[in-house]
Amino acid sequence: MEAEEYALMARVEDTHWWYQGMARLTHALLLRFSQQSGRLLDAGCGTGGALANVLAEHPRRFGCDLSALALHACRARGLERIQRASLSELPHPDAVFDLVTCFDVLYERGVPDDRAAIRELSRVLRPGGILLLRVPAHDWLRGNHDRTTHTARRYAVADLRRLFAAADLEMLHLTHANAGLFPFVAAKRWLEHLNPLAPAASDLTWEAGPLAALLRGLLTVEARVAAGPVLPFGLSLVAVGRKGSPA
């Protein structure tokens, strides 16, 4: 990810309507599939927004990220149990975490082998432990945001099913998310393709002004649906998997 994107993320992560909407979805899924006790790892923790907010109720929480800039922002928040590491080589022994979260990291070019990364996330989970994963959906939705965030891949439902099965993770829940925003972002991507020479910019630069409260509310309502039934389309995919017991 570009250095400017980390700076933008650190600046808006606590207040931006999209992050707040995703936090509500995360909270709803954790209420259904996990507990607040036990050890938690946020793999690819970025600038620490999830650890400091929606995951803050977990007393034994850890984080790691490949970016020194991101970890500097984490320390500025007072987060201490963080380490510099890639998803492909986590600095933890086998079977030590009850919950692993990984939000919008697996798709990046900094993760050259997503199958190896998923196996590594599974490796550090205890038997019966939960993985909560969020990734961007639909490869045809690539645009300027993907250039800024160094997107290597966007996912389909079948892709995540294969990844989880290969890592000994039972798929408990798999749904699209960000369905309400789907037509607007699809239109934005189409316009970007009409002007390929336009400078790349992250979607986080769109703060939405007076529409922010409406969009936040839309994502809040959607979170209740996505955590129960599944949404058939959306900008993101969210998966919950459980590690199998040893043979």
Side-chain angles (χ1 to χ4, degrees), residues 1-2 4-32 42 44-56 73 101-105 107-108 132-149 151 154-155 173-195 198-240:
M1 192 182 296
E2 300 289 345
E4 294 82 1
E5 187 70 8
Y6 282 114
L8 174 61
M9 185 188 302
R11 188 170 71 250
V12 306
E13 198 169 13
D14 293 338
T15 58
H16 195 281
W17 56 269
W18 185 84
Y19 279 113
Q20 291 178 336
M22 291 300 93
R24 286 170 170 81
L25 174 57
T26 297
H27 181 68
L29 288 167
L30 292 179
L31 282 178
R32 179 179 175 189
D42 190 20
C45 61
T47 56
L51 283 172
N53 294 300
V54 68
L55 303 177
T101 58
C102 185
F103 301 129
D104 292 314
V105 182
Y107 71 95
E108 293 183 3
L132 174 55
L133 178 77
R134 187 176 70 232
V135 293
H138 306 299
D139 197 62
W140 60 269
L141 275 177
R142 286 176 181 263
N144 288 342
H145 177 80
D146 297 274
R147 290 163 56 192
T148 302
T149 57
T151 296
R154 299 178 72 100
Y155 289 86
H173 192 68
L174 177 58
T175 181
H176 285 87
N178 293 315
L181 301 176
F182 187 86
F184 304 104
V185 173
K188 181 176 182 290
R189 296 292 186 263
W190 180 73
L191 292 172
E192 289 172 356
H193 291 316
L194 292 180
N195 186 17
S202 165
D203 288 344
L204 289 180
T205 59
W206 184 44
E207 298 186 6
L211 292 177
L214 175 62
L215 293 170
R216 189 183 302 113
L218 176 65
L219 290 175
T220 298
V221 172
E222 182 182 299
R224 299 170 187 156
V225 177
V230 298
L231 292 170
F233 65 91
L235 303 175
S236 301
L237 280 166
V238 181
V240 181

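Here the structure is a predicted model, which means the values were calculated and not measured.
For R24, there are no salt bridge (charged side-chain N to carboxylate O under 4.0 Å, His left out) partners two or more places apart in sequence or in a different chain. Applying the salt bridge (charged side-chain N to carboxylate O under 4.0 Å, His left out) test to R216 and every residue at least two apart in sequence or in another chain returns nothing. Partners of H173 under the ring pair (Phe, Tyr, Trp, His ring centres under 6.0 Å) rule, at least two apart in sequence or in another chain, are F33. Partners of A239 by side-chain contact (heavy atoms from CB on, under 4.5 Å), not counting sequence neighbours, listed by chain and number: L160, F164, M171, L174. With sequence neighbours excluded, the residues satisfying side chain to side chain donor-acceptor pair (under 3.5 Å) with T151 are D146, T149. Listed by chain and number, the residues in a side-chain contact (heavy atoms from CB on, under 4.5 Å) with A50 are D42, V54, L55, F103 (sequence neighbours excluded).
Considering CG of L218 and CH2 of W17, their distance stands at 9.0 Å, rounded to 0.5 Å. Atom-to-atom distance recorded for Y19:OH and N53:CG is 11.5 Å, nearest 0.5 angstrom. In this structure, CG on L132 lies 6.5 Å from OG1 on T101, to the nearest 0.5 angstrom. Taking CG of L215 as the reference point, atom NE2 of H16 lies at 9.0 Å (rounded to 0.5 Å).
Pairs engaging residues 223-238 under the side chain to side chain donor-acceptor pair (under 3.5 Å) rule: N178-S236 [sequence neighbours left out]. Among residues at least two apart or in separate chains, ring-ring contact (aromatic ring centres under 6.0 Å, His included) pairs with a member in residues 212-233 are F182-F233. The salt bridge (Lys or Arg N to Asp or Glu O under 4.0 Å) analysis of residues 13-23, with sequence neighbours excluded, yields the pairs E13-R77, D14-R77.
Minimum heavy-atom separation, A227 to L29: CA-CD2, 3.7 Å. Nearest heavy atom pair, residue A137 against residue G234, reads CB-O, 3.8 Å. The nearest pair of heavy atoms linking A177 to V238 is CB-CG2, 4.0 Å. Contact record, T175 with A226: CG2-O, 3.5 Å, taken as the closest heavy-atom pair.
Under the 4.5 Å side-chain criterion, counting only non-hydrogen atoms from C-beta, L219 is in contact with M22.
Distance alone, capped at 3.5 Å, is enough to place a donor-acceptor pair between the R32 side chain and the G228 backbone.
Look at R134 and D104 and you find a salt bridge, because one of the NZ, NE, NH1 or NH2 atoms lies within 4.0 Å of a carboxylate O, short of that distance.
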For this session: Report the C-alpha distance between V105 and L133 in whole Å, list the side-chain angles of each, state the deciding distance to 0.1 Å, and finish with yes or no for side chain to side chain contact (heavy atoms under 4.5 Å, CB included).
Result: CA-CA 9 Å; V105 182; L133 178 77; over 6 Å; no

